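Predicted model only: the values in this text are computed from it and were never measured. For reference, positions follow the sequence shown, starting with 1. Note: hydrogens, waters and symmetry copies are ignored here, and every other heavy atom, side chains too, is used.
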Amino acid sequence: MKEIVVNMIDKIESLLKEASEFSAKNTGEIEEFRIRMLGKKGSVTLLFDEFKTIPAEQKKELGQKINALKNAVQQKIGELRNSALSDGDIEKIEDPTRPGTNDPIGSRHPISLVRNEIIDIFTRLGYTVADGPEIEDDWHVFSALNFPPEHPARDMQDTFFIEKNPDILLRTHTSSIQVRVMENQQPPIRVICPGRVFRNEAISARAHCIFHQVEGLYIDENVTFADLKQSILYFAKELFGEDAAIRLRPSYFPFTEPSAEVDISCNLCSGKGCAVCKGSGWLEIMGCGMVDTNVLESCGIDSNKYSGFAFGMGIERISMLKFGVKDLRLYFENDLRFLRQFESVI
């Protein structure tokens with residue numbers, strides 16, 4: 001037993017000498033030294049395990065020596081870390097006692113924020129999300145939606161066609177997704193179709209060649225225009241507040257009949273009239289209407305049994321109204337001064 005005590009004293013002295021002479025070139029070597037000495041299987045830790053076998057009358061003196069060794073090792077590690085901090089090598093040090101850093105938080109893009117909010121509102125009404133390709137054919141973008149061959153939307157002024165194949169184009173609206181859904185699913189159908197669309201337009205504060213849409217489609221038995229109006233009113237109040245009001249103006253779209261443009265009371269002036277709403281107190285937000293019977297029949301749906309409505313809105317326009325943004329180009333310029341305004345809108 002005396003021999004064990006002598007061996008432990010020799011180990012303690014040897015480890016003390018190792019600690020006093022140790023130096024490190026970087027924080028990685030400091031951490032390796034800490035683990036080698038104080039880790040779960042470190043030299044000092046094993047001494048404490050061995051200490052349990054020492055007779056009681058010798059534990060006091062030997063315990064003091066082991067504690068002194070542990071303190072010396074901890075002090076050495078602290079000195080080395082402080083030296084590393086002063087040399088600027090701080091990024092690799094994992095010190096749980098250091099205060100946390102106040103890193104700036106990011107946010108979702110305002111287009112993504114509004115898109116997600118629109119999806120959430122219609123999801124509560126039982127709609128599911130449908131997706132489709134951005135590069136489409138003429139059938140899904142125009143022909144199946146009752147666009148006649150001479151319709152101006154087919155003109156190169158409005159549509160980006162693929163040069164080597166005039167039947168292939170960049171979709172001008174997400175209605176093409178609705179066609180694909182109707183071709184592959186029998187009613188009842190209740191979907192929303194968010195996505196990016198492309199039109200050959202000059203870029204300005206109120207227009208862009210790339211923008212985002214959310215279109216909706218509901219087909220079932222006995223669907224009426226009253227169902228359409230109530231759905232849009234519910235959406236407007238959920239997105240803009242309980243005081244929001246809507247009005248529907250007669251319009252024309254090849255794929256709906258009857259058709260309407262939807263205006264919402266200007267939330268910037270509370271309907272009193274301002275520069276944004278041009279003094280009218282109303283702002284246009286979407287187009288809508290009852291799905292034309294030709295469209296239903298083109299997609300293999302019995303128009304004598306089923307009816308439905310469709311609507312579509314530009315996410316940029318909704319986002320401009322919701323956040324008071326007056327220049328559409330800001331959404332595409334990645335200006336951090338603009339994007340940082342939405343850091344708290346997660």
For the CG atom of Leu321 and the CD atom of Glu316, what is their distance to the nearest 0.5 Å? 12.0 Å
Report the residues that fulfil salt bridge (charged side-chain N to carboxylate O under 4.0 Å, His left out) with Arg317, sequence neighbours left out, ordered by chain and then residue number. none
Test of understanding: with ring pair (Phe, Tyr, Trp, His ring centres under 6.0 Å), list the residues that count as partners of Phe122, not counting sequence neighbours. Tyr127, Phe235, Phe311
Distance in Å, Lys305 NZ paired with Glu221 CD, rounded so as to fall on 0.5 Å steps: 5.0 Å
Is there a donor-acceptor pair closer than 3.5 Å between any side-chain N or O of Ser20 and the backbone N or O of Leu16? yes
Please check: side-chain N/O of His173 versus main-chain N/O of Val141, any donor-acceptor pairing under 3.5 Å? yes
Residues 245-253 side chain polar contacts: donor-acceptor under 3.5 Å, at least two apart:
{"from": "Arg247", "atom 1": "NE", "to": "Asp263", "atom 2": "OD2", "distance (Å)": "2.8"}
{"from": "Arg247", "atom 1": "NH2", "to": "Asp263", "atom 2": "OD2", "distance (Å)": "3.3"}
{"from": "Arg249", "atom 1": "NE", "to": "Asp263", "atom 2": "OD2", "distance (Å)": "2.6"}
{"from": "Arg249", "atom 1": "NH2", "to": "Asp263", "atom 2": "OD1", "distance (Å)": "3.0"}

From CZ (Arg171) to CD1 (Ile177), nearest 0.5 Å: 4.5 Å
Non-hydrogen side-chain atoms of Leu296 and Met182 separated by less than 4.5 Å: yes
When clusters are formed from ILVMFWY side-chain contacts under 4.5 Å, directly or step by step, what else is grouped with Ile203? none
Flag the pair Leu233 / Lys237 as yes when at least one side-chain heavy-atom distance between them is below 4.5 Å, and no otherwise. yes
Looking only at atom types and distance, does a side-chain atom of Asp227 sit under 3.5 Å from a main-chain N or O of Thr224, one as donor and one as acceptor? yes
Residue list, side chain to side chain contact (heavy atoms under 4.5 Å, CB included) with Glu21, at least two apart or on another chain: Lys17
Test: salt bridge (Lys or Arg N to Asp or Glu O under 4.0 Å). Region: residues 327-339. Which pairs qualify, not counting sequence neighbours? Asp327-Arg329, Asp335-Arg337
Any ring pair (Phe, Tyr, Trp, His ring centres under 6.0 Å) pairs touching residues 20-39, not counting sequence neighbours? Phe22-Phe33
Tell me, which pairs form a salt bridge (Lys or Arg N to Asp or Glu O under 4.0 Å) where one or both residues lie in residues 127-149, sequence neighbours left out? Glu134-Arg196, Glu136-Arg180, Asp138-Arg154
Check for a donor-acceptor pair, side chain of Ser307 on one end and backbone N or O of Val223 on the other, with a separation under 3.5 Å. yes
For Phe240, ring pair (Phe, Tyr, Trp, His ring centres under 6.0 Å) partners two or more places apart: none
Output for pair (Ile192 CD1, Ile121 CD1), nearest 0.5 Å, gives 9.5 Å
Please check this pair: side chain of Thr174 against backbone of Cys193, looking for a donor-acceptor N/O pair closer than 3.5 Å. yes
Sequence-distant partners of His109, ring pair (Phe, Tyr, Trp, His ring centres under 6.0 Å), two or more places apart: none
With sequence neighbours left out, what residues match His208 under ring pair (Phe, Tyr, Trp, His ring centres under 6.0 Å)? Phe332
Which Ile, Leu, Val, Met, Phe, Trp or Tyr residues join Val197 in one cluster when any pair of side-chain heavy atoms under 4.5 Å counts as a link? Phe211
Donor-acceptor pair, Lys322 side chain versus Leu239 backbone, under 3.5 Å? yes
d(Leu69 CG, Glu18 CD) to nearest 0.5 Å is 9.5 Å
Have Ser319 and Tyr331 got a donor and an acceptor in their side chains that come within less than 3.5 Å? yes
Please check this pair: side chain of Thr159 against backbone of Phe161, looking for a donor-acceptor N/O pair closer than 3.5 Å. no
Is there a donor-acceptor contact under 3.5 Å linking the side chains of Thr123 and Asp120? no
Point-to-point distance, once rounded to the nearest 0.5 Å, from OG1 of Thr172 to CG of Asn200: 11.5 Å
